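Notes follow once the structure below has been shown.
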Amino acid sequence: MLTLIARRTLLALAMILAASALTFALIAAAPGNVAALIAERTAGPSASAELVQSIADDLGLNDPLPVRYGRWLSDSVAGDFGGSLRTGKPILEEFAERAPVTGLLLVCGGAIALIMSLTIGMLGAISNGGKIDSLLRALSLAGASTPNFFVAALLVMLFSVTLGWLPAFAGSSAASWIMPCLTIALFPCSVLSRVVRVNLQEIMSRPFATTGFAMGYTRLGVLTREALPNIAVPYLTTFGAQFTLMIIGSIVVETVFAMKGIGAFFIEAIRFRDFISMQATLLSFIMFFVFVNLFVDIICLLIDPRIRRQSNA
Amino acid sequence: MLNKFRRTVFILSTLLFTTLATTIPITSSAQENQTLRIAIKQETGNLDLLQNVSALSTYSLIFEPLIRYGTDGQLQPALATSWITSDDGLTLSFKLRKNVTFSDGSPFDAQTAKWNLERWMGKPEFSWIGISDAMKSIETNGQYDLVINLSKPVPAALYELTIIRPVRFLSPKAVDARGNQTAPIGTGPWVVTENNNSRTLLTRNKNYWGNTPSFANMELKVVPDELARSNGLRSGDLDIIGGDWASPLSPRRARSMQRDPNVAVVAEPGTTSILLTYSPKSPLLQDKSVREAIDLSLERNAIVAIIYEGYATATANLFPKVIPYSGNRNPLPQRDIQAARTKLEQAGWTRSGNSWIKDGKALELELMVSEEALPGSRRLAEMIQGQLSETGIKVRVSSVDNATIHDRRPVFQYDLTFMATYGAPYDPHGTLANLLLSDVDSGPDGKIYMSPELDPVVRAALNAQGAAREEKMQAIYNWLSENMAVSPLVSPKRLWAHNRRVGSFTLPATDYQMLGSDVTLSD
């Protein structure tokens, strides 16, 4: 078991390394003179060519790409992501200030997605082809097809501008977090509810479900006692993937609701061409992706002996 | 198992929402009633007067200059009550305002003013400010007399002293042992009480020498997204949005908000111009007739109506008339496609199908735009592409990011592009010196136009004093027109919006500032 976990962890680290090299190269390959842009922001509208050159030298922009990557990677491993070109503050300090906002958004959104998807999936399975099942399927499809920014705009127009029930921005009260959390939860909730519904349908056609009915259990009883535990692995795997994708959703949600989280930091870094912050944020996103999925893999190994046997084989 | 699962989910969700509800403070409504809430597009920053990383408009709430830039470019007393420029232009004498203190209680006097000016005057990094470049010495004469001696006349010196930074005054107690600013302590009407990446809170300066604001507090809320800002205004979460540097409001958004009875849109003449500029290194545009044909093909009023939703004025002048020394008003050229074609024919271009050809080369130009550098420029470019196509001039719109345009503009790697003048209080001297003189390094900004013949004309105007200044300035504008060196398009209006909670609202003299003098809350 420990060997399996160690193997998965090593694989995860290799993925982080490869993804970090790729993102570093992509950011470096972006067109335009970053030093000139920084010079204008730091020294006013008439920044001189000498200043542009000195900024390029200070940032090591004239060094070969492998040298720059190696320097950045070694500093990052030592916990030094450098300073933000936009705010001037150390990036770790920025992350420390902003991580609670994004963390709370993801946890609340994840909790809503978890509860709602199980509820909707179960209701659909109980209805099984009935009107409720059809309605929930249509709603899930609509939820999975609607982009975050559109959902956010609709919610703000309805609950803030028209009804005046909720604040348009997050941060000042608990009520102000309702719309951001609902917005970020909508897509994963829609996808996960279909996962629950489809897997339950498949499980309910298995012989042990028929045996359950023969033993006198109701449909709800078979669903909860026999079917639900059997969809744990596909559900958790999809939940892990959706939870990690929520970090991408946070970029839009934090911008629309004026939240100062890591997603908003990333979009501000892109606008400013703050490549140091962009690299650090992308690395943190990659690590989030890899470690959440690693965690889900380990949970699945722990709860399902079939996966352990397959992995050992 | 199901019961256990349900119980766990219930307990976890209850804990989560209880924590959320109890840990996030709820602002009391009583405090909010006295607070004016303004949107800003980015966090304020540390408000260091010598660094260029903080939001410009916030400085004006906390720090004051010697002279204030007033409406239509009039110079108004601020920390100096009067000033005299010597006949030779080499000495500037200021009478300082008495009984002024910084918000930390330190007195403002000639010594403090001298200390502040010496922090930046004469330093190489501030050589772009003429008065800094020419500063010889600073003297005090008693407690409230300040004299700046210059090595050469700087006709725009007084205007330069009205800009946002570094010219404003900081408490001498707000620096560390190395002289670096540690806190934003000024003499202005507001004091920073909280400053983080989501908002800046300010309270009235009890020591303020002038009229104190009618409301007690101000919140500058960071809202980077324009749609979110307008929704926040309409929902009542914000009171004021707008201003090029505070929280830009696009013409389209302003027009849509004008239909909301709870919102008032304020549009006043702007201080900048949007220009269609011709690369002096473009082979096709060396031909003046081509530039003239382009100018004759432009329909500026259509640009005003469609791109700017009426919130702009069509112009043929480099500067709007609210800018000092902006010259005589040129009549707006009427669009004349036939005249444009005639110009091209007279210059030897021949029509071939839908395009023009000369010496085997087709008249096809690249119009480089960056939506980040100038919001709305892509739509503007497409409109101009359409207008020029009627004359037969083919335009390829090249949409690039901000970094690329900063890279390509200084080396004139384009045929056509859009540029904007700096606006008040930096103009006319700022734009003329940086964007027209060939020997001034304007870095990533590039040049509106560049010619060895133009340089002496511009230099003569920038060095001219007194009555001669107006005449010399006009000579620049005449040269630009006669040589068709640039096609001014429009002067966009300054756009702000507020909700009905705001009683009276006046715009600041420039968009580099945050608030006008007469803003009140109705409750």
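A note on names: the letters A, B, ... follow the listed sequences, proteins ahead of strands, and every chain is numbered from 1. Fair warning: this is a prediction, and the values are worked out from it, not measured in the lab.
A:M157 touches chain B through its side chain: at least one heavy atom from C-beta onward sits under 4.5 Å away, while N, CA, C and O do not.
No donor-acceptor pair under 3.5 Å is formed between the side chain of B:D237 and the backbone N or O of A:P167.
Smallest separation of non-hydrogen atoms from B:G232 and A:A168: CA-CB, 4.0 Å. Across all their heavy atoms, A:A170 and B:K221 have their closest contact at O-NZ, 3.9 Å.
To the nearest 0.5 Å, atoms CZ (B:R199) and CZ (A:F169) are separated by 13.5 Å. Atom CZ of B:R234 sits about 8.0 Å away from atom OG1 of A:T162, to the nearest 0.5 Å.
Looking only at heavy-atom pairs under 4.5 Å with chain A, the residue among B:D225, B:L238, B:N46, B:N197 that has the most is B:N197.
Environment of CZ in B:R252: sparse, with no more than 12 heavy atoms of neighbouring residues, nucleotides or ligands closer than 6.0 Å. Open room surrounds CE on A:M116; 12 or fewer heavy atoms of other groups in view lie less than 6.0 Å from it. Around CZ of A:F208, the count of heavy atoms belonging to other residues, nucleotides or ligands within 6.0 Å exceeds 12.
Using a cutoff of 4.0 Å between basic side-chain nitrogens and carboxylate oxygens, A:R98 and B:E43 are scored as salt-bridged.
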